[in-house]
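Okay, so here's the structure we're looking at.
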Amino acid sequence: MLNKPEKSKQKIKKVFKFGGSCLRDSSSFRQAIRLIKAEQPERVAVVVSAVQGVTDLLLDAYHKALGQDKNYKGTIQYVKQKHLTLAAELLSLKRFGKASELFSQIFSQLDRLLQGITLVGDSTPGLKARILSSGERLSAWLLGLTMEEAGLTSRVYETDRIGLIVDQPGEGVSVNLKKFDKNFASVSEEIAGGSFIPVFTGYFGCTENGQVALFGRNGSDYSAAIIARGLRAEILITFKDVSGFLSADPEIVPQATTIPYLDRKEAAELAYFGSRVLHPKTLEPVSDRRLILEIRSFQRPEKPGTVIQEKTAKNTSMIKSFALNQNISILRIEGPGVGHKPGIIGLIGSRLAEKNINILTVLTSQTCINLILDKSAAELACRVIKELNETSIKNLSVEHDLALIACVGFGLRETPGVAGKIFSVMSREKINLEFFSSGASEVAIYLIVKKDEAVKAVKALHREYFTSTRETEKNKPEYTELNC
Ligand code: ASP
Ligand code: MG
């Protein structure tokens with residue numbers, strides 16, 4: 001009889017994610033090394049984004065090639081030079097040689113791909129993904145070699161080769177966690193048994209047949225959560241150029257403060273509705289894991305950031321943050337019977353899904369279905385629904401220049417008077433509420449206002465909740481350490 005396989009050892013305690021703003025020049029690469037060295041390095045795994053600005057440059061080269069504009073070569077040359085300069089500043093001659101060899105392989109593949117696209121003036125999602133994934137490959141190898149330079153042992157894992165299998169090709173895709181768990185077991189074993197620091201490329205995985213696929217812009221946070229899942233890490237720290245989630249966008253409210261603790265649901269709402277601190281999908285892969293997620297300032301890591309964990313506190317009745325999204329449009333689908341026509345929302349939803357259009361939120365009445373959409377998707381959504389030729393729909397209209405404010409905090413639904421207070425602030429400031437939605441989420445209330453009144457609204461709400469009542473301090477939740 002076969003022995004039961006030994007439960008895999010767990011070596012990695014923390015996953016560090018370095019975003020592009022943490023990898024922008026040689027001193028930031030050195031800072032990343034310092035942060036790793038301050039830990040027990042062999043218990044850390046690292047996930048990287050591309051060097052700051054590189055994904056945009058690759059995208060620019062891609063579009064030039066698609067337009068059969070040979071100037072893509074200049075853009076790529078610039079990216080190459082940028083990495084070679086970094087390597088020259090960070091590495092000894094011997095390691096510089098190794099870096100330039102690795103870079104050459106990546107750039108010659110890039111050249112081939114872009115040349116092919118220029119020739120035919122056409123591309124595929126898989127080709128685009130391969131091109132855009134080069135940024136993370138370059139930064140992972142560069143960071144890996146910089147670690148070696150600092151006396152650490154590293155191993156680079158390119159994430160289209162280790163089982164981050166996605167369900168469809170293209171962009172904005174998600175990993176199939178079942179397949180991942182199975183595929184990644186051997187990598188995880190190798191890491192647990194080895195004494196090196198694994199460095200993973202963020203941003204991409206691949207399809208079953210090996211085609212590179214992207215998780216969407218800023219998707220490395222999501223990658224880091226996947227890797228943390230696979231390694232059964234206890235803590236995921238994403239280093240950012242901000243100290244964490246704030247009570248409002250500091251560009252709008254300079255007095256905004258860092259939120260010390262967030263429940264996962266609160267963080268998910270904030271990430272989804274406009275806060276750029278975390279990729280909205282980050283919490284998905286760890287929804288069944290007791291992982292602690294921390295956002296920390298890269299430049300001032302000693303400063304407490306935001307800790308996100310499973311709710312362990314009693315409900316607290318407060319708003320922790322106001323997230324603002326200023327790119328909102330509403331598509332109004334009107335008809336006397338749309339509110340009670342069975343299946344119509346499903347029909348609309350599936351048609352929009354076919355076009356990759358994401359509905360942010362839906363508000364319905366008997367005579368109108370209101371789809372809250374990102375501005376960039378609204379016109380296309382309108383055309384798609386028109387093409388349905390659905391007889392119960394009598395009128396379609398799009399309203400642009402709106403903004404959505406998400407007021408986020410645990411206990412909002414149960415706390416009497418929250419809506420009243422919001423209404424009174426809005427009426428005092430003479431701001432018209434286009435929409436108000438409460439109760440859909442237990443941690444968020446959404447307001448939609450005209451875009452040109454949104455900043456005023458956020459300032460007033462923040463003043464009301466944070467300056468006048470200091471609710472955050474009064475109701476500070478008690479969180480307990482998780483023993484994972
Ligand atoms: N480099 C990719 C981007 O700029 C992914 C990431 O940064 O997370 O979108
Ligand atoms: Mg980036």
Side-chain angles (χ1 to χ4, degrees), residues 15-25 28-29 32 45-63 75-76 78-80 82-83 86 103 106-107 110 125-144 156-160 164 166 170-175 199-206 212-229 236-242 244-245 267 271-272 274-286 293-298 327 356 358 374 376:
V15 174
F16 280 7
K17 188 252 154 166
F18 296 118
S21 59
C22 310
L23 302 170
R24 61 165 190 262
D25 51 22
S28 56
F29 271 76
V46 176
V47 179
V48 292
S49 297
V51 167
Q52 192 170 44
V54 165
T55 309
D56 286 334
L57 289 164
L58 293 170
L59 192 60
D60 180 48
Y62 172 75
H63 284 301
T75 312
I76 294 298
Y78 177 77
V79 175
K80 188 171 183 177
K82 194 176 174 109
H83 285 87
L86 279 172
F103 292 171
I106 295 172
F107 283 104
L110 257 178
L127 283 178
K128 181 181 178 189
R130 260 169 83 184
I131 291 166
L132 294 197
S133 71
S134 311
E136 272 68 14
R137 298 184 207 269
L138 290 162
S139 64
W141 285 110
L142 184 55
L143 186 65
V156 171
Y157 290 94
E158 297 188 25
T159 41
D160 52 344
L164 272 75
V166 300
E171 256 174 283
V173 295
S174 302
V175 168
V199 181
F200 295 89
T201 50
Y203 192 33
F204 63 92
C206 71
V212 180
L214 305 172
F215 303 138
R217 292 308 304 268
N218 302 316
S220 303
D221 289 340
Y222 174 71
S223 308
I226 299 271
I227 298 300
R229 175 191 176 90
L236 163 58
I237 305 181
T238 77
F239 288 97
K240 302 268 164 173
D241 52 2
V242 290
F245 278 100
Y272 188 58
S275 164
R276 283 154 292 159
V277 177
L278 201 63
H279 189 276
K281 282 197 306 200
T282 308
L283 291 157
E284 276 174 31
V286 289
L293 175 59
E294 268 187 62
I295 320 280
R296 247 203 251 160
S297 159
F298 181 68
N327 291 310
N356 222 352
N358 183 29
D374 190 83
S376 61

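For ligands, and for the atoms within them, numbers begin at 1 and follow the listed sequence.
Polar contact with ligand 1: present for Glu136 (N/O pair, distance under 3.5 Å). Residue Asn218 has at least one nitrogen or oxygen atom sitting less than 3.5 Å from a nitrogen or oxygen atom of ligand 1, judged on distance alone. Between Thr55 and ligand 1, a contact under 3.5 Å exists for at least one N or O pair.
Under 4.0 Å from ligand 1, heavy atoms of Ser220 appear from its side chain as well as its backbone.
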**Residues Tyr203, Thr55; criterion side chain to side chain contact (heavy atoms under 4.5 Å, CB included); working and verdict** = CA-CA 10 Å; Tyr203 192 33; Thr55 309; 3.7 Å; yes
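Atoms CZ and CZ, from Phe103 and Arg137 in turn, are 14.0 Å apart once rounded to the nearest 0.5 Å. Residue Lys128 holds its NZ atom at 7.5 Å from CG of Leu214, rounded to the nearest 0.5 Å. To the nearest 0.5 Å, atoms CG (Leu58) and CZ (Arg130) are separated by 14.0 Å.
Of all atoms in ligand 1, numbered sequentially from 1 with element shown, those under 4.0 Å from a heavy atom of Arg217 are 3 (C), 4 (O), 9 (O).
By the 30° and 60° cut-offs, the orientation of the rings of His279 relative to Tyr222 is tilted.
Taking a 4.0 Å cut-off on heavy atoms, Gly219 registers as neighbouring ligand 1.
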